[in-house]
Every structure is written in structure tokens, then in C-alpha cells.
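Comments concern the structure below.
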Amino acid sequence: MLEQRHQWKNKQLREHVAVVNGEISPTLVLKNARFLHSVLKQWVTANIWIYEDRIVYVGEELPQNNTGEVYDCSGKTLVPGYIEPHVHPFLLYNPQSFAEYAAKTGTTTSINDNLMLFLALEEKKAFSLLEEFRSLPVSMYWWCRYDGQTELANEEEVVSNVAVKSWIEHDAVVQGGELTGWPKLLAGDEMMLHWIQETKRLRKRIEGHFPGASEKTLTKMALLGADSDHEAMSGKDIYKRLMAGYMVSLRHSSIRPDLEGLLQDMREMGLNQYDMMMFTTDGASPSFYKEGILDWMIARAMEYDIPAIDAYHMASYNVARYYRIDHLHGMIAPGRIANINILQDEFHPSPISVLSKGQWLKKEDEVPSFPAIEWEKFGFGPLALDYNLTEEDLQFSMPFGMQLMNNVITKPYSLERDMSAEEISTTDDESFLVLLDRQGKWRVNTTLKGFTSKVEGLASSFSNTGDIILIGKCKREMERAFNRMKEMGGGIVLSEGGEVIYEIPLALSGLMSTKPFEEVMEEEEELKGLLVERGYLYDDPLYTLLFLSSTHLPYLRITPQGMYDVMKKTVLFPTIMR
């Protein structure tokens, strides 16, 4: 396992002390800096010395014989770089492109879901990629999943004890979870409980996923090791989690844009102790981030009368303390990594300049590019499908289908029509639906009601399991979309009237794009617009596609094992082998 045991080598630590002694010049001095001192909870003015990636001095003195850069902060306000504690860095964008975009808004540290890396890459390549991410001018940490968030055909091989323990022990991993499989834990899953125990032994956190959980469920999960939860949907939910001793994430995401409702409830309930709260955007779809990330959330918190210092702490200091990384992050003080946002003033959290690891990622109008990642070296290249669709792949005989109730919730419904025809009428909202193994070994065929009324053919290699989703009114257009998706090495394709009308290439194993974040935003917005024109009724088609196979949500899912009843935890119809 690749591992960096210490943040700085002994030689570097001696150099840091030598800077304070005046023997070595700082690389950057932030002069006359009015900044948030997170321990004092006050705005303080001082000079800040930075050597390479570390803050080495904060105080009244200026260095003698300085040969480094001096940046005068007079009239500006400085706060610690923001920390996003719950990132799913694969919603068409990839971890590098998200980090680059987020850094411009002041989010210089992220704690990321490992699910896509865990399922798509062998361990050696995944850990090599984590090491490559260390070279980026941001700070990236990771979770360790305990389940595949679906019913995998070979789950015991993929989510094995050896694999999970290797991730738990990796020094870039700071927590276990999120616990989407918590019903199995409560039902007696001893292996998951063992992994939680091992994670706690290493003094790492456990994040829950407990939407709608009762007081007793939250209590039981706390007893089994849960430290936090990001599923509070009301002020009462926040209160229950605080009563159970949880760290509570206030969420504002593309499928749960809850923040302002939560803040209103908190104000009405008099919940005004914020040390056990933090913000998250929970891996939103790309265009959701147009207005900002944590900077937007801090601004909204202040609008709802949360004191400015508390609002900034919820995006920095609180997060660092909770994850036990406050010796590196979350405050402007000697010894910390030099992640600093320079603001117009404390009431405008979107930074005018951003320092991360001591480098300017944004210096007023200057925004340097990020280093590139050689993705293919780590196992992410174009999706190579070595099979074609057959007529049997587009045969539908299941007696029931899935009905979409909102962006992501599906329930079963009884089929009343004959599905042997080539097309389904556009007068209703039923479509053919196929989940096809990316290796070509199996398929699941059913129908999807409530997605759109006019999409003739859609193919997507973007899914929770990495398998292929086909949706449409017309079997020939579904086939056309599949063929184009295969030809371009993965992506999302819309086909209609005998031609491909839109496509989003996903060059990283058919799951993620290599394009800059801003371009991915535009592509996603255009896709959504085309789907809405064709009858899509909801807000977030990416999450609709992603969660069709995710068994952490009710009620019916298509999975690599077949049609799955989430509440009864049973396969209703198994996959058909090809």
C-alpha cells in the first residue's frame, strides 16, 4: 500500500523552524492581514509567513532579509480554506475537475466518496491514483465504503474483508461510510460491524446515511459506531441528531436543496449552537454549482442570522476538528497547511483570491490551470464493449415495471400492455428499460413509467454500478443510442428520428468526463433541457440514472442480481444470462 506516513519530512520541519529564526526567507508573506482566529473566535490582524505549503508564523513581526513574495492584505479579510466533507466526485465531472472548480470558490479541501474508484479499479491502481491526487495543489481525503450501494453479483469478492481493510488503513482515508447499508448492520451483519470497529480503532470517523430515522434508530446506530449524519431534512431532524451526539451536516444538493428550510427551522426552534454542524452539497449535479459551493452556503447562513464566525467555522474549523485533522486544516495558525481565502470582507464569502498549499489558485483575475492527470495510466480509459445488442436484449415480458415517483424514488406498478411491439406510444409516460452488464454477461428488462413521454432512445454508461442503461419508446432508437455510446467509448446518448441528437462523451471508463467543469455544466444543462422538452418532470436526470440501481432508496431497483425489492431485501426476478 502506498502511504505517506508524515506530512513533512524531518528536513522540512527543520527548514520551517529556520524560517522563524530568520535563517531562511519565507516564500510568501501576507502583510497586514485581518483574519479569523478560530481558537479565539475573533478577527485578528497580524502578518502571516508561509514557507512552501505551510504557515510557519503568525504575529506582529515581518521577516528580516525577506526574498519571497509580499502580498499586502490591507482592507481585506482572510479566512481558512473551506472544507467540503461529503463529495461524490463523479457526477460526470471527475475528482480533479471538481477540485479545480471548487478551489476557485474557496473550497480547497474535500473528503471524497471512494465508491467509483472501489468498483472500477483494482486496489493497486486506485491507491496509485490517490497518490497522484496528492500532487494536486489542493487537499483530498477519502471515505471507505462498506457496501456497493446495490446488489452486486459478486459482492463478497468486490467488497471483501481484505479490500475494505486496505482502504480503512490508508492514510488518505479519514472515515468509514457513508452507511447506506445500515439496515443490514442492524439486522446482524457482523462483517460490517467488524469494519466499523476497525475504523474506530484507527480513530477515524463513521458517517451515517439515515433519512427519516427515528430517535431509537439514531440511538442504535450511535451505539454501533455512527458519529455523524447528513440526512437531516428538518429542524426536528437536526435536533434528534444533536441529542444523539452526532455531528450534523446541513445539506444543500441538487436532489435535496434543503439549506434555507433547515436554517429557517433552526431559527424558529432556537437552535443556536453550531459547533457540531457543518455544510455539504452532497455531490450535486454539475449545473447546481453555478452559484457557488460552500461560499454560497456560508452567505445563506449569515442571511439567517448565524454569526459570521460560526458560519465560516461550519465550513472549516468544525469540519477539521471533527475529522481530527485540525493540526493541518481549518484554521490560520502556525503548522497548518497554507489554505487561505482572501475576501472582500467577512460578509462576502466568495473569495477574490485563494491560496492552497501555499500556491495561488486564484489571485484576483489570475487563475492558473491545474496539473493534468494521466488517467489511462491508472486504469481509466475509453469504455471498450466487445459485444453488440441482439434482438433478445430488447425483449420485454416482465409482469410489472418501475414507476418513477420523483428524481430517485421508484415503486412497482403492474403492466397492462403488450410489450412485444417495436414502439410504445408517446401518449403516455411508459418506456422500455434495460440494465445491461458492461461485460455483456447478463441483462434485466422491464419498463420505466414516469421518466418521459417522448424520449425514443437513450443509452448511458453512467450508472451507479457502471453497467449500461437503455431507456426509450423505440427499440431501434435505443439500439442506435447504444451503438453510438459504444463507438465513442462511453457516455450518454440521445437518439430520435433515425439520428443521434445529443451526446455527452465520458472518456473515463464511460463514467466521468475529462472536460473542464464549466463545459460539463453546459453539457448537463443541455441534456436536462432536451429531456424536459420530451416530458421529464423532475429536476435531476443524472441522479435518476445514477440511482436506478441504488438499493439504499425505496422501493424497487434494477441491480446486477435482478429486480430487487428494497424493503423485503429480496430479488423478485433474477438477471437473464446473455
Side-chain angles (χ1 to χ4, degrees), residues 1-5 7 81-91 93-100 102-103 107-149 158-160 162-181 195-196 198-209 227-228 230 247 249 278 280-283 319-320 322-326 328-330 337 339 356-357 373 375 378-380 464 508 511-512:
M1 181 179 68
L2 291 171
E3 185 175 23
Q4 180 177 314
R5 292 185 179 276
Q7 185 72 32
Y82 309 142
I83 307 171
E84 167 53 280
H86 189 101
V87 179
H88 301 282
F90 44 74
L91 268 292
Y93 46 81
N94 64 65
Q96 186 256 18
S97 62
F98 177 82
E100 182 172 11
T107 297
T108 54
T109 300
S110 59
I111 298 168
N112 301 284
D113 185 0
N114 78 324
L115 182 62
M116 199 67 78
L117 303 185
F118 192 74
L119 296 180
L121 299 182
E122 61 181 31
E123 182 181 292
K124 184 177 180 181
K125 287 186 176 179
F127 288 173
S128 295
L129 184 54
L130 297 196
E131 198 67 22
E132 183 76 3
F133 288 143
R134 292 189 196 273
S135 67
L136 297 177
V138 290
S139 301
M140 297 177 73
Y141 299 94
W142 298 85
W143 327 339
C144 172
R145 289 275 191 165
Y146 300 146
D147 66 86
Q149 200 170 286
V158 176
V159 191
S160 69
V162 171
V164 171
K165 278 195 166 182
S166 293
W167 275 90
I168 290 171
E169 292 168 1
H170 196 286
D171 69 308
V173 170
V174 295
Q175 75 172 12
E178 56 181 301
L179 292 179
T180 53
W195 292 334
I196 289 173
E198 285 297 288
T199 306
K200 303 287 274 191
R201 180 178 64 81
L202 294 168
R203 293 186 54 76
K204 298 181 180 184
R205 297 295 192 176
I206 303 293
E207 183 180 22
H209 176 96
D227 296 301
S228 68
H230 60 281
M247 187 74 171
S249 293
M278 53 190 179
T280 183
T281 58
D282 196 8
V319 190
Y322 168 72
Y323 283 107
R324 302 186 176 109
I325 54 173
D326 49 319
L328 298 174
H329 298 285
I337 295 172
N339 297 345
S356 183
K357 292 184 176 177
I373 299 284
W375 292 102
F378 303 102
F380 278 114
N464 183 60
L508 303 182
L511 301 170
M512 300 174 287

I need the [X] [atom1] to [Y] [atom2] distance, nearest 0.5 Å.
{"X": "L91", "Y": "M512", "atom1": "CG", "atom2": "CE", "result": "11.0 Å"}
{"X": "E131", "Y": "H170", "atom1": "CD", "atom2": "NE2", "result": "6.5 Å"}
{"X": "T180", "Y": "D147", "atom1": "OG1", "atom2": "CG", "result": "3.5 Å"}
{"X": "L136", "Y": "T108", "atom1": "CG", "atom2": "OG1", "result": "13.0 Å"}

Sequence-distant partners of [X], side-chain hydrogen bond (donor to acceptor under 3.5 Å, both in side chains), two or more places apart:
{"X": "Q96", "value": "none"}
{"X": "W195", "value": "N161"}
{"X": "Q175", "value": "E207, Y323"}
{"X": "N114", "value": "none"}

State, yes or no, whether a side-chain contact exists between [X] and [Y] at a heavy-atom distance under 4.5 Å.
{"X": "W142", "Y": "P89", "answer": "yes"}
{"X": "P95", "Y": "N112", "answer": "no"}
{"X": "V164", "Y": "V159", "answer": "yes"}
{"X": "L130", "Y": "L117", "answer": "yes"}
{"X": "W375", "Y": "L129", "answer": "yes"}
{"X": "Y322", "Y": "D227", "answer": "yes"}
{"X": "Y146", "Y": "I196", "answer": "yes"}
{"X": "F378", "Y": "I373", "answer": "yes"}

Exercise: identify the closest heavy-atom pair between [X] and [Y]:
{"X": "I168", "Y": "C144", "value": "CG1-SG, 3.7 Å"}
{"X": "L511", "Y": "A120", "value": "CD1-CB, 4.3 Å"}
{"X": "V138", "Y": "A103", "value": "CG1-CB, 4.1 Å"}
{"X": "P137", "Y": "S356", "value": "O-OG, 2.6 Å"}

Fill in: Residues in side-chain contact (heavy atoms from CB on, under 4.5 Å) contact with A126, at least two apart in sequence or another chain
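Listed in chain order: L121, W167.
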Worksheet entry | Summary of salt bridge (charged side-chain N to carboxylate O under 4.0 Å, His left out) pairs that have at least one residue in residues 109-120, sequence neighbours excluded |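 Counting only pairs at least two positions apart or across chains, the salt bridge (charged side-chain N to carboxylate O under 4.0 Å, His left out) contacts touching residues 109-120 are D113-R145.
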Qualifying residues under ring pair (Phe, Tyr, Trp, His ring centres under 6.0 Å), relative to [X], sequence neighbours excluded:
{"X": "F98", "result": "Y93, Y289"}
{"X": "H329", "result": "Y141"}
{"X": "W143", "result": "H86, H88"}

Has [X] got a side-chain atom pairing as donor or acceptor with [Y]'s backbone, closer than 3.5 angstrom?
{"X": "T280", "Y": "D282", "answer": "yes"}
{"X": "T199", "Y": "K204", "answer": "no"}
{"X": "R205", "Y": "S228", "answer": "no"}

Under the rule for salt bridge (Lys or Arg N to Asp or Glu O under 4.0 Å), what residues qualify as partners of [X], not counting sequence neighbours?
{"X": "E198", "answer": "R201"}
{"X": "K125", "answer": "none"}
{"X": "D326", "answer": "none"}

Discussion item. E84 vs T107, test: side chain to side chain donor-acceptor pair (under 3.5 Å). Steps then yes/no.
Written reply: CA-CA 7 Å; E84 167 53 280; T107 297; over 6 Å; no
